[in-house]
Amino acid sequence: SIMLVTIIYNTDFGEQAASLKGDVQLEWADCSVNKIGVKDSLVGAKYQVQLNGNIVYTGQEPTDNTTIINSIKERL
């Protein structure tokens with residue numbers, strides 16, 4: 001099945017979202033990554049990462065890419 005990672009981020013965190021998208025695609029070449037920028041917070045968080053619709057990370061600010069990638073690996 002296709003891996004889908006969704007990054008929902010406050011527009012202040014565009015750089016971090018782009019960086020995470022790149023790192024995820026380096027780790028999993030066939031992974032589909034959607035980035036969704038929002039002006040406020042969505043679902044009470046300013047940075048959220050989902051794997052196939054399940055939350056992998058959520059917070060008021062980004063955490064480092066390695067932590068997120070490891071969290072994705074734990075769910076595969």
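Along the sequence shown, residues are numbered consecutively beginning with 1. Just so it is clear, the structure is predicted and the values come from calculations on it, not from any experiment.
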In the hydrophobic cluster built from side-chain contacts under 4.5 Å, what are the other members alongside [X]?
{"X": "V49", "result": "M3, V5, I7, Y9, F13, L20, V24, W28, V33, Y47, L51, V56, Y57, I68, I69, I72, L76"}
{"X": "L26", "result": "none"}
{"X": "L4", "result": "none"}

Non-neighbouring partners of S19 that pass side chain to side chain donor-acceptor pair (under 3.5 Å), sequence neighbours left out:
N65

N52: which residues meet the side chain to side chain donor-acceptor pair (under 3.5 Å) condition with it, sequence neighbours left out?
none

Taking every non-hydrogen atom, the tightest pair across [X] and [Y]:
{"X": "G37", "Y": "T11", "answer": "C-CG2, 4.3 Å"}
{"X": "Q60", "Y": "K46", "answer": "O-CB, 3.4 Å"}
{"X": "G59", "Y": "A45", "answer": "O-CB, 3.5 Å"}

Looking only at side chains, do D64 and T67 share a donor and an acceptor under 3.5 Å apart?
yes

Between N34 and T6 (side chain of the first, backbone of the second, donor and acceptor by atom type, cut-off under 3.5 Å), is there such a pair?
no

Is there any salt bridge (charged side-chain N to carboxylate O under 4.0 Å, His left out) pair reaching into residues 67-76, and which pairs are they, with sequence neighbours excluded?
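Sorted result for residues 67-76: E27-K73.
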
Can you tell me how far the CG atom of D23 sits from the OG1 atom of T66, to the nearest 0.5 Å?
7.0 Å

To the nearest 0.5 Å, how far apart are OG in S32 and CD in Q25?
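Reported to 0.5 Å precision, the distance equals 8.0 Å.
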
Begin from the C-alpha positions of I55 and Q48 and carry the test side chain to side chain contact (heavy atoms under 4.5 Å, CB included) through to its verdict.
CA-CA 7 Å; I55 296 171; Q48 185 176 98; 3.6 Å; yes

